[in-house]
Amino acid sequence: MMEKTLFSTSCPGRIGVSLPVCDVPETEIPAELARTGEIGLPQVTEGQVMRHFVRLSNKNYNIEKGIYPLGSCTMKYNPRLHEALARIPGLAAVHPLSPDRTVQGTLELMHALGTCLCEITGFSAVTLQPAAGAQGEFTGLMLIRSAHLAALETGRDKVLMPDSAHGTNPATSTMAGMKVVPVKSNDQGMVDVEDVKAKVGPDTAALMLTNPNTLGLFESNILEITEAVHRAGGLNYMDGANMNAMLGVARPGDMGFDVCHLNLHKTFSTPHGGGGPGSGPVCCNARLEPYLPNPLVVKDKDGYALSGMSNTSFGRLMAFHGNIGVLYRAYAYIRTLGASGLREVTEGAVVNANYLKARLRGHYPVPFDNGPCMHEFVAGGPEMAGLGLKTLDVAKRLLDYGFHAPTVYFPLIVKEALMMEPTETETMESIDEFADALIAIAREACEKPHLLTDAPVNTPVLRLDEVKAAKELVVVEPREES
Amino acid sequence: MNRFVPNCKTLRIRMLEEIGVNKVEDLFTHVPGQVRMKGLLNLPPAMSEMELVREYTRLANINTSHELVCFRGAGSYDHFIPAAVDSILTRSEFFTAYTPYQAEVSQGTLQAIFEYQTMIARLCGTEAANAGMYDGASATAEAALMSMRVTGVDRVLVAGSLNPSYREVIETYLVPGGFQINEIPFGPDGLLDLDAARALMQGGSASIILQSPNYFGLVENIARASEAARAGNALLVVVADPISLGVIQAPGELGADIVVGDGQPLGIPMGFGGPYAGFLATSMAHLRKMPGRIIGRTEDRAGNVGFVMTLQTREQHIRREKATSNICTNQALMALANAVYLSLTGEAGFREIARQCYHKAHYLEAGLVKAGARRIFTAPFVREFALRLPGDAFELEARLVSAGFLPGLPVPGLGNDAMLFAVTEKRTREEMDAFIGAVSKACGEVR
């Protein structure tokens, strides 16, 4: 049943907070400035608010309900201790423009986290400011842009990227004033090295590459690729969305990359929050360090400080210093696991992905199956087997089985793609249950296809009409309804 | 093994058998030897839960800022947060969920954000709002880009009284595209110089970007700025402190085309600067040029009301290099905090909080002036104000911190003696009187 919006349960006179009596004399608010009409906020009690949002929460799938196998999203378990640590008042109730000497604890943590992230990526410098992966990508390209401009190389405005890239990569290139040059994938699902060599040149600003790529495959020719770009004067950017496959195994800094971002809300276990907040720190080498955004955390003899404005920096990304609350959680994760724990994470993630892939063998086609995958893999939907059903139908039917669906229709180079990433925090048993459901759905696709096309039926709502939503566009509750 | 990795040795052997390899290393053969790490990462040793609690307690105890009585704002404010906000935020159904791509199992997040959009639009006096941006500064920069998409003009005018950090972020977002940014100065009253604005409009502009209350806390004349923008076929982007909208007129009702700001004052801890959530509100006519996610209402196959992410063809995962923005993950959980906060405070509570901020700020301002501070501007303010103090602002800051206060922010742009103060409903008369006394004492010492 539809949970009514709070506006429609509103009644004049109800309130959900108790406020102190104003203990100072009142000052008149100039009439010409004053807001007189009703704003239109709900008028409800605390109990009503709690019931409303708890009921809404019951309509959500989340990681505690079951496997969340979204490829390239790394939906792993979010440790509870980290939630508590980030809420310690001494760390949370801190004004961002506090004098450095009053925030030495937070600055020490940020500095220590930065040092860990540099070690994990094999780089020497870091900014913790980017709010999410996409802002991290933007940071990376801006560093590269700055380095080229500083070297008076003004004609470098092309970004080479494989056709399997995340949508944020091309969108970021545009924001950074650069143009995308697509690079082909070969029949192994990897970047076509010859195509890189053919397209790289004096106009190349950067190569932007996700490694392992979005098919879950490690780019075996990575050194040859990055070297070709360097030889042509370009720089190499690694999209670190898939870093969960490489912790303690391989480092972007050792692969010829000059800069990469990390998604703390993927690899480092911070919760996704229904779509954020994330955090996308960027690590880079000494060549790009001078251009990092203001301010940085620096350590000197008096302790830790936020750097002043550097003249070579490309600028600032956020009003303050980044999503600090996310940093608190990610640092706790790294300190909990240490070097061998992080390595276990990656091994667990890779074993789990390969196990799921093995369990689905013979039931779902895997287009680029030339050996083990890393932390994820991409299967083709039933249409590839000639059943006339869509991947979307498989996804919706999975919801009926009580599972979240994998990422669908991505990467674009696989038709009807189902991109699956179980992560290391899933048990073998939960992967088995998920695989069994997918296998049952493959059978249903042949025997009772309507179960797929009618799906989902066991969810709070049936399949939703996205076309109607876009056509009729109701994005706020109309006042007359409440 | 560790507490996050469940598949222990015996299970792993079974799994490797199913995969068809002998050992874990066989799964990494695609990683060339030259880039494969030989040893372990050089990281500090692993910690137990107890040790980690001890370490974080140590770090929290080194911080002292949270013990100071806060009179600082400039984009982050020390408001009271009702316990119910965090109670909702810590429900794992919300905080451990992903972006609502599978709408049928994400109705909780989707409806909550739909309600958030509604509350933000009503607060701003606009027809629509999106699902949120990173923070107020990046929302402002995205609004600047949006205004250029709407008008097709490659230049924006930015008020000199905009928060300087916001201004820097606008530059970061606009410079690589080759877009031009010019500044409109503020007059001796601290408000936008409208004559200068009109003159600068001659060169063509996509928008005027104006903060109100501005960086100095002063309420701008939005209606006049809107006229100036309109005369040059430009949009008016207003950066608003959401709390102020409980006291003063909504920018959208005064002619602003896009209203942006930071939702931090609405139930989000100061948290040393984040995570917050930017908001972006506008008219239905501009919706398709808007960046970020938008939640829309629709129906399911049985005609039940439901919610989905809509107009996704603007976004990076569909439109790629032609997207309205590269933004993907935003700050959904913080937008939820805003929605819960605005629901709890509601029409009456929210306005009372805003009024108390107004009255208390005026009480403190008058008290500081009486104690020897001088006014810099004369225009009306809401809950932030700049004053000149008899002494160097940084020296005063150091003394006041030692006395237990986080005083106003030194604003070198207005002179070495200038400070920008902010007051929230949390401050009591007693705290303010003590602060006025401490300021007097500190001024006497540094003079």
Identify which part of [X] has an atom lying under 4.5 Å from any heavy atom of chain A, answering side chain, backbone, both or neither.
| X | answer |
| --- | --- |
| Ala121(B) | side chain |
| Arg12(B) | side chain |
| Pro44(B) | both |
| Val305(B) | both |
| Arg91(B) | side chain |
| Ala131(B) | neither |
| Ala128(B) | both |
| Glu315(B) | neither |
| Gln107(B) | both |
| Val5(B) | both |
| Phe350(B) | side chain |
| Asn7(B) | side chain |
| Leu68(B) | side chain |
| Thr172(B) | both |

Using the ring of each side chain (for Trp, its six-membered ring), is Tyr98(B) parallel, tilted or perpendicular to His272(A), with breaks at 30° and 60°? tilted
Relative to the ring of Tyr77(A), is the ring of Phe4(B) parallel (under 30°), tilted (30 to 60°) or perpendicular (over 60°)? tilted
Less than 4.5 Å to any heavy atom of chain B: does that hold for the side chain of [X], its backbone, both, or neither?
| X | value |
| --- | --- |
| Met75(A) | side chain |
| Arg87(A) | side chain |
| Val249(A) | both |

What's the spacing between Leu41(A) CG and Leu342(B) CG if we round to 0.5 Å? 5.5 Å
d(Glu18(B) CD, Lys357(A) NZ) to nearest 0.5 Å is 12.0 Å
May I ask you to check whether Tyr173(B) and Phe138(A) place their ring centers less than 6.0 Å from one another? yes
Can a side-chain donor-acceptor contact be found between [Y] and [X] if the only test is distance below 3.5 angstrom?
| X | Y | value |
| --- | --- | --- |
| Asn60(A) | Thr109(B) | yes |
| Glu344(A) | Asn2(B) | yes |
| Asn62(A) | Ser92(B) | yes |

Is it the case that the side chain of Thr96(B) and the backbone of Ile63(A) share a donor-acceptor pair, with hydrogens and angles ignored and the cut-off at 3.5 Å? yes
Give the intermediate values and the outcome of side chain to side chain contact (heavy atoms under 4.5 Å, CB included) for residues Lys360(B) and Asp23(A). CA-CA 8 Å; Lys360(B) 289 179 178 181; Asp23(A) 59 358; 3.5 Å; yes
Do the non-hydrogen side-chain atoms of Tyr56(B) and Leu109(A) ever get within less than 4.5 Å of each other? yes
Test log, rule side chain to side chain contact (heavy atoms under 4.5 Å, CB included), inputs His30(B) and Leu217(A): CA-CA 8 Å; His30(B) 284 75; Leu217(A) 303 173; 5.7 Å; no
